[in-house]
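Letters go in sequence order (proteins before strands), and every chain restarts at 1.
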2 protein chains.
Amino acid sequence: MSDPANGSPPEFQKAATIYDVAERASVSIKTVSKVVNNLPEVSRATRLRVLTAIEELSYRPNQLARGLASQRSFMIGLFCDAPAAGSGYIARIQMAILTMCQKEGYHLIVECIHATNQNIAQQVHALVAQSKLAGVVLTPPLSDLPALVEALKATNTPIVRFSPETSQTDVIDVDIDNCQAAYDITKYLIGLGHQRIGFIRGPLDHADARARLEGYKKALEEAGIASRDDYCQPGNYTYKSGMQAGEKLLTLKDRPTAIFASNDDMASGVMASSLRYNLRIPQDLSVAGFDDAIFAYAMYPRLTTCRQPIGEMAEAAVSTLIHHGDKPVGLLRLPHKIIVRGSTARPSPAAT
Amino acid sequence: MSDPANGSPPEFQKAATIYDVAERASVSIKTVSKVVNNLPEVSRATRLRVLTAIEELSYRPNQLARGLASQRSFMIGLFCDAPAAGSGYIARIQMAILTMCQKEGYHLIVECIHATNQNIAQQVHALVAQSKLAGVVLTPPLSDLPALVEALKATNTPIVRFSPETSQTDVIDVDIDNCQAAYDITKYLIGLGHQRIGFIRGPLDHADARARLEGYKKALEEAGIASRDDYCQPGNYTYKSGMQAGEKLLTLKDRPTAIFASNDDMASGVMASSLRYNLRIPQDLSVAGFDDAIFAYAMYPRLTTCRQPIGEMAEAAVSTLIHHGDKPVGLLRLPHKIIVRGSTARPSPAAT
DNA sequence: CTGAAAGCGCTTACAG
DNA sequence: CTGAAAGCGCTTACAG
């Protein structure tokens with residue numbers, strides 16, 4: 001197939017280099033470089049000539065050479081603990097980041113870092129030093145690994161963290177207002193006519209779990225509904241813990257007419273437990289979750305929940321990494337969205 | 001912070017290069033290169049000296065330089081249509097591929113290619129030519145995009161496809177035996193005592209859907225159970241189509257005591273529809289799915305299903321890409337696994 | 001607005 | 001078993 005001795009121009013076999021383009025356009029490679037990188041200082045006529053040559057040779061700059069020479073690659077790292085785990089939150093972030101990267105002409109390189117790993121610093125060093133990443137996106141629970149963040153800072157790599165526990169300097173954080181979101185859902189349930197609203201909280205060492213609990217209480221208080229301790233059950237964000245909390249809530253004397261679980265996995269558990277007591281959803285019991293997990297749409301009835309604006313968060317993250325320096329450091333809060341579906345309704349007259 | 005005028009060795013500020021290591025170990029860079037790449041022809045003593053120097057300087061080879069010089073990068077591309085969509089099948093593949101890559105010292109770069117995109121060839125050219133990918137993994141539905149496969153072949157990039165429709169030359173394919181898997185599930189249901197087993201098939205233009213249907217029929221036939229047309233309903237792999245098929249099956253005069261849906265989304269739909277008829281699962285109706293989707297474990301009761309050995313498939317895929325040439329081209333079939341959970345049980349005496 | 005030259009940090013024949 | 005040199009394909013001061 002290959003024919004090295006062939007005298008004809010190698011337009012087919014070998015990829016064109018910047019030299020080929022320069023020669024064809026009768027300019028220096030410097031000029032080609034400028035055109036490719038969209039720098040000014042090139043006359044319209046020259047630019048057009050170069051562009052034509054690029055087109056004709058279907059030239060693509062070699063990213064490896066570009067990165068080596070400029071000491072920065074066009075790659076953004078996405079560091080995850082377990083990309084495929086959980087309810088798809090991480091997967092959704094990845095998809096959004098990827099879309100943004102492609103829009104900006106960057107590539108996404110995904111790395112798995114185990115939060116329990118000991119010398120993270122070493123691993124990061126290997127990863128970042130080797131590839132000269134243009135920036136790194138951290139997803140939970142990695143957002144809250146001081147060792148990771150420090151190691152990254154030491155390599156002078158820009159960082160964006162998704163939903164971190166606490167804000168930090170030198171770092172950009174993107175998140176939603178969990179308290180407000182929980183407040184909104186609770187208020188929506190109250191607006192529906194519910195007075196007895198159960199709540200299943202997440203682990204209290206998670207800042208988001210605390211914030212959601214706070215939002216729930218705030219909404220009740222504002223509506224003049226006394227909060228009852230037995231209506232607020234603990235959970236740990238798993239399906240099973242949701243089912244257990246559901247059992248407790250549904251066997252209460254004055255059982256709630258609505259249950260708001262702080263995530264979709266637990267909401268799913270509640271729905272499972274409601275089957276045991278022959279409660280129909282949403283006629284006998286309204287259930288709301290949080291996250292808009294993949295399965296929230298595949299269960300019956302579909303789950304009312306809160307969706308994070310992951311697309312916008314990713315957009316903010318990537319553009320911050322690429323144009324970093326323009327944006328201020330700190331926490332960026334983006335607006336969430338309540339998704340109302342079939343699992344919530346007005347309480348039946350009998351229940352109220 | 002940085003102090004270029006500082007005379008002390010730059011062990012901290014700047015990353016060590018191969019020259020620094022060579023100097024410290026008193027060898028040429030060639031020798032360092034050999035040690036790093038695990039090539040022979042280096043005496044034990046020298047190798048040890050180099051290794052020590054590498055350790056002391058915490059040297060990491062620059063991947064960009066390595067790639068540029070050798071004309072091949074240590075990156076493997078994972079091409080997906082929509083990484084986050086669906087029931088997590090793609091996400092799981094990604095996780096497995098990623099794990100393998102890290103084990104082999106490669107990086108994973110994820111690219112999103114829309115199957116509907118017109119000139120895929122161009123996009124591939126840009127992607128692969130730019131980054132000199134060591135290999136590419138294709139996931140459905142991209143596995144069956146001739147334009148993609150051809151474009152990739154033209155760049156001489158090794159390819160591995162997950163679950164393609166049809167085998168091809170020059171390409172390695174990994175898959176399970178869908179017919180056998182469906183046969184196994186059906187046989188398991190028969191073994192439980194079910195005689196009236198409904199089936200919901202996938203779209204018949206999918207090879208896997210056809211194979212699963214075939215497996216179902218084969219198991220019935222072997223057991224001497226006549227297959228009934230009204231027990232075999234069409235579906236298109238969505239939750240909704242599963243629910244519709246469920247309605248049809250459950251309103252049949254002799255309704256099935258078990259339903260086997262060709263994927264978990266449809267199985268989930270069946271379970272939803274069963275609620276309408278006050279059928280308890282698994283007491284009144286057994287339901288089995290296929291895929292072991294993320295939510296299969298989060299529903300109630302948990303779904304009996306078939307899991308693909310994604311870890312092994314990924315292992316085969318990556319090692320094939322890296323050591324390609326060693327392995328034969330063609331289709332590699334790996335063993336599936338039936339996961340029995342709470343959604344299936346013996347039929348109740350009344351029903352049989 | 002454009003060129004010539006050095007250099008990014010490796011690998012790879014080619015010698016010895 | 002090891003060295004010296006060229007080259008991978010770009011970018012980036014430095015000149016003009």
Side-chain angles (χ1 to χ4, degrees), chain A residues 4 10 14-50 53-54 57-75 105 126 128-134, chain B residues 4 10 13-51 53-54 57-75 105 126 128-134:
Chain A
K14 280 194 178 172
T17 71
I18 197 170
Y19 288 95
D20 301 325
V21 176
E23 190 181 338
R24 190 174 194 103
S26 311
V27 295
S28 74
I29 61 165
K30 169 68 185 289
T31 304
V32 177
S33 175
K34 276 184 179 168
V35 171
V36 167
N37 291 295
N38 250 313
L39 296 180
E41 306 174 356
V42 181
S43 68
R44 265 185 62 90
T46 310
R47 179 180 299 274
L48 215 61
R49 205 140 34 87
V50 172
I54 288 178
L57 298 171
S58 51
Y59 164 73
R60 307 288 165 185
N62 180 319
Q63 296 296 347
L64 267 17
R66 197 134 81 133
L68 178 58
S70 67
Q71 295 287 56
R72 69 185 200 110
S73 78
F74 287 80
M75 317 204 125
V128 180
Q130 280 185 328
S131 315
K132 312 284 178 201
L133 297 181
Chain B
Q13 286 303 321
K14 280 194 178 171
T17 72
I18 197 170
Y19 288 95
D20 300 326
V21 176
E23 191 182 337
R24 190 174 193 105
S26 312
V27 296
S28 76
I29 61 166
K30 169 68 184 290
T31 305
V32 177
S33 174
K34 277 184 178 170
V35 171
V36 167
N37 291 295
N38 251 313
L39 296 181
E41 307 174 356
V42 182
S43 68
R44 264 185 64 89
T46 310
R47 180 181 297 275
L48 215 62
R49 208 143 31 89
V50 171
L51 250 17
I54 288 177
L57 298 171
S58 51
Y59 164 73
R60 309 285 165 186
N62 180 319
Q63 296 296 349
L64 267 17
R66 201 138 73 136
L68 178 58
S70 67
Q71 295 286 55
R72 69 186 199 109
S73 79
F74 287 79
M75 319 202 124
V128 180
Q130 280 184 328
S131 315
K132 311 286 179 199
L133 297 181

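Stretches of at least 3 consecutive Watson-Crick or G-U wobble pairs, with each checked distance under 3.5 Å, appear in DNA chain D as C:1-3 with D:14-16, C:5-12 with D:5-12, C:14-16 with D:1-3.
One can place CD1 of B/Ile18 at 16 Å from C1' of C/dG7, the figure rounded to the nearest angstrom. Rounded to a whole Å, the CG atom of A/Leu68 is 13 Å from the C1' atom of D/dT12. Following rounding to the nearest Å, A/Tyr19 (OH) and D/dC8 (P) show an atom-to-atom distance of 9 Å. Regarding B/Arg66, its CZ atom lies at a distance of 20 Å from the C1' atom of D/dC10, rounded to whole Å. As rounded to whole Å, 10 Å separates atom P of C/dT12 from atom CD of B/Gln71. Atom C1' of nucleotide C/dT11 and atom CD of B/Gln63 are separated by 13 Å, given to the nearest angstrom. Atom-to-atom, NZ of A/Lys132 to P of D/dT11 comes out at 17 Å; the value is rounded to the nearest Å. To the nearest angstrom, C1' of D/dG9 lies 6 Å from CG of A/Asn62.
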| side-chain contact (heavy atoms from CB on, under 4.5 Å) between A/Asn38 and A/Arg47, worked out | CA-CA 10 Å; A/Asn38 250 313; A/Arg47 179 180 299 274; 4.1 Å; yes
| said: I'd like to know whether B/Asp20 forms a side-chain contact (heavy atoms from CB on, under 4.5 Å) with B/Thr17, so could you lay out the CA-CA distance, the side-chain angles of the two residues, the decisive distance to 0.1 Å, and finally the verdict. | reply: CA-CA 5 Å; B/Asp20 300 326; B/Thr17 72; 3.5 Å; yes
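A/Ile29 comes within contact range of at least one nucleobase, with a heavy-atom separation under 4.0 Å.
Contact of the B/Asn37 side chain with the B/Arg66 side chain is registered, since non-hydrogen atoms from C-beta on lie closer than 4.5 Å.
B/Asn62 places a side-chain N or O within 3.5 Å of a backbone atom of B/Leu64 that can act as its donor or acceptor partner. Side chain of B/Ser73 to backbone of B/Lys132: a donor-acceptor contact under 3.5 angstrom is found. B/Arg49 contributes a side-chain N or O that, together with a main-chain N or O of B/Ala25, makes up a donor-acceptor pair within less than 3.5 Å.
Dashed line: the shortest gap from a side-chain N or O of A/Ser33 to OP1 or OP2 of D/dT11 is under 4.0 Å. Side-chain N/O atoms of A/Thr17 include none lying less than 4.0 angstrom from OP1 or OP2 on D/dG9. Between A/Ser43 and the phosphate of C/dC1, there is no side-chain N or O to OP1/OP2 separation shorter than 4.0 Å.
With D/dT2, C/dT12, C/dT2 as the choices, the nucleotide that has an atom nearest any side-chain atom of A/Thr31 turns out to be C/dT2. The nucleotide whose nearest atom lies closest to any side-chain atom of B/Ser70 is, among C/dC10, C/dT12, D/dT2, C/dT12.
Residues B/Lys30 and A/Ala65 each lie close to DNA chain C; by heavy-atom proximity, the contact nearer the 5' end of the strand is made by A/Ala65. Judged by closest nucleotide on DNA chain D, B/Val27 is the one of B/Val27 and A/Arg60 placed further toward the 5' end.
Rounded to the nearest 0.5 angstrom, A/Thr31 OG1 and A/Leu39 CG are separated by 11.0 Å.
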